[in-house]
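If you're wondering where the values come from, they're calculated on a predicted model, not measured in any experiment.
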Amino acid sequence: MNNQKANLLKCLPSEYKDLSAEEIVDSICSTIYEPDNVAAREAVLESPGFLRDILLLIDMDTELTMNGILGFLENPSGRYLAETIEALKHIGAAEDARILEHIKQQLEANRPQRQKTPALHEISSFRDRYILNAEVLDGILRVADGLYLNTSDRNIFDNLVEYLSQNRLLVDEELKKYSE
């Protein structure tokens, strides 16, 4: 196991086995964007497993909350759209997986063309930087309104905690590999 992956577990107390699934997710949420974890994060995102699912879902939630669907799609987390859809399926968030799959299909059928690369510290919108059929763009925004953030009946973190709890022995085995 490479050191970058092992370093990521610095975000977890050494007694992670005593933590609940919710405490593991909270611990990762609170440290995942620290500078010391950047390289380790990228390494974990390239390897399938529970930890990757956690990171993908945290990244998605952060981007959607801060920048909406267009920010999610154009930022680094958008590179992992297919993997994020799979993570949503793993945790049983079928409706959100279906919505992102629909958006993915729309983007594959109507590839956005970059028209402008923003200058350092320039504030611009997706519409300023990309050419995409207005109907397709509006359709993506409309479909994205159905994601969990805009409903009171779905919470992907509830799904994630339940998924991790149900697979706790496997989660512990994976975390042990990262800490060795």
Side-chain angles (χ1 to χ4, degrees), residues 4-5 7-13 16 19-104 107 112 118 120-130 137 140-164 171 174-175 178:
Q4 289 179 336
K5 290 181 184 178
N7 288 340
L8 185 60
L9 282 193
K10 290 180 182 175
C11 67
L12 292 173
Y16 64 85
L19 297 177
S20 68
E22 184 172 6
E23 289 169 324
I24 290 173
V25 172
D26 287 346
S27 181
I28 293 172
C29 279
S30 66
T31 60
I32 195 57
Y33 297 113
E34 290 181 4
D36 290 345
N37 287 333
V38 171
R41 266 181 89 257
E42 289 302 316
V44 170
L45 288 171
E46 296 298 325
S47 305
F50 295 101
L51 194 51
R52 181 175 78 167
D53 286 351
I54 295 168
L55 297 181
L56 289 168
L57 296 173
I58 291 169
D59 280 350
M60 179 187 72
D61 184 70
T62 301
E63 287 295 341
L64 289 175
T65 301
M66 294 174 58
N67 299 310
I69 189 65
L70 299 178
F72 166 70
L73 294 170
E74 75 170 323
N75 283 321
S77 50
R79 290 184 315 207
Y80 297 99
L81 179 57
E83 292 87 349
T84 302
I85 292 167
E86 287 305 310
L88 288 166
K89 290 177 182 176
H90 292 163
I91 67 167
E95 181 66 14
D96 296 301
R98 186 193 61 73
I99 290 168
L100 284 185
E101 184 63 43
H102 178 78
I103 290 170
K104 179 177 174 270
L107 290 172
L120 187 62
H121 305 296
E122 177 183 2
I123 297 173
S124 62
S125 70
F126 184 92
R127 292 175 198 244
D128 294 334
R129 291 184 301 278
Y130 292 92
L137 184 59
I140 288 170
L141 294 172
R142 232 182 353 270
V143 169
D145 282 342
L147 287 167
Y148 68 95
L149 286 174
N150 302 312
T151 70
S152 60
D153 64 333
R154 294 192 321 272
N155 180 332
I156 63 164
F157 288 100
D158 290 344
N159 293 68
L160 178 59
V161 167
E162 182 178 337
Y163 169 70
L164 295 174
V171 171
E174 182 177 323
L175 293 178
Y178 283 95

When rounded to the nearest 0.5 Å, the distance separating CG of Asp158 from CD of Glu22 is 8.0 Å

Output for pair (Leu100 CG, Phe72 CZ), nearest 0.5 Å, gives 6.0 Å

So do Ile69 and Val143 actually touch side chain to side chain, heavy atoms under 4.5 Å?
no

Any ion pair linking Glu101 and Arg98 (charged N to carboxylate O, less than 4.0 Å)?
no

CG of Leu164 to CD of Glu23, rounded to nearest 0.5 Å, is 12.5 Å

Take Ile156 and Met60 through the test side chain to side chain contact (heavy atoms under 4.5 Å, CB included) and record every step on the way to the result. CA-CA 10 Å; Ile156 63 164; Met60 179 187 72; 3.5 Å; yes

Rounded to the nearest 0.5 angstrom, the CD1-CD1 distance for Ile54 and Ile32 is 9.5 Å

Q.
Test your reading of the model: is there a side-chain donor-acceptor pair from Thr62 to the backbone of Ile58, 3.5 Å cut-off?
A. yes

All heavy atoms of Asn150 vs all of Ala144, minimum pair found to be ND2-O, 3.5 Å

Rounded to the nearest 0.5 angstrom, the OG1-NZ distance for Thr84 and Lys104 is 11.0 Å

Next item on the list: Taking the side chain as every heavy atom from C-beta outward, state whether Asp61 and Leu149 have any pair of such atoms under 4.5 Å apart.
Entry: yes

Point to revise | Aromatic ring pairing Tyr163/Phe50, orientation class (parallel under 30°, perpendicular over 60°, tilted between) | key: tilted

Correct closest heavy-atom pair for Gly71 and Glu63 would be O-OE1, 3.7 Å

To the nearest 0.5 Å, atom CG of Asp26 lies from atom CG of Leu19 at 9.5 Å

Minimal heavy-atom distance between Arg154 and Thr151, with the atoms involved, is N-OG1, 3.5 Å

Have Asn75 and Ser77 got a donor and an acceptor in their side chains that come within less than 3.5 Å?
no

Discussion item. Tell me whether the count of non-hydrogen atoms from other residues, nucleotides or ligands lying under 6.0 Å of CD in Glu83 goes above 12.
Written reply: yes

Phe157 meets the ring-ring contact (aromatic ring centres under 6.0 Å, His included) criterion, sequence neighbours left out, with none

Partner of Leu88 under side chain to side chain contact (heavy atoms under 4.5 Å, CB included), picked from Ile99, Asp53, Leu56, Asp96, is Asp96

On a heavy-atom basis, the closest approach of Asn159 and Ala93 is ND2-N, 3.8 Å

Where do Leu70 and Leu141 land on the side chain to side chain contact (heavy atoms under 4.5 Å, CB included) test, with the steps shown first?
CA-CA 8 Å; Leu70 299 178; Leu141 294 172; 3.9 Å; yes

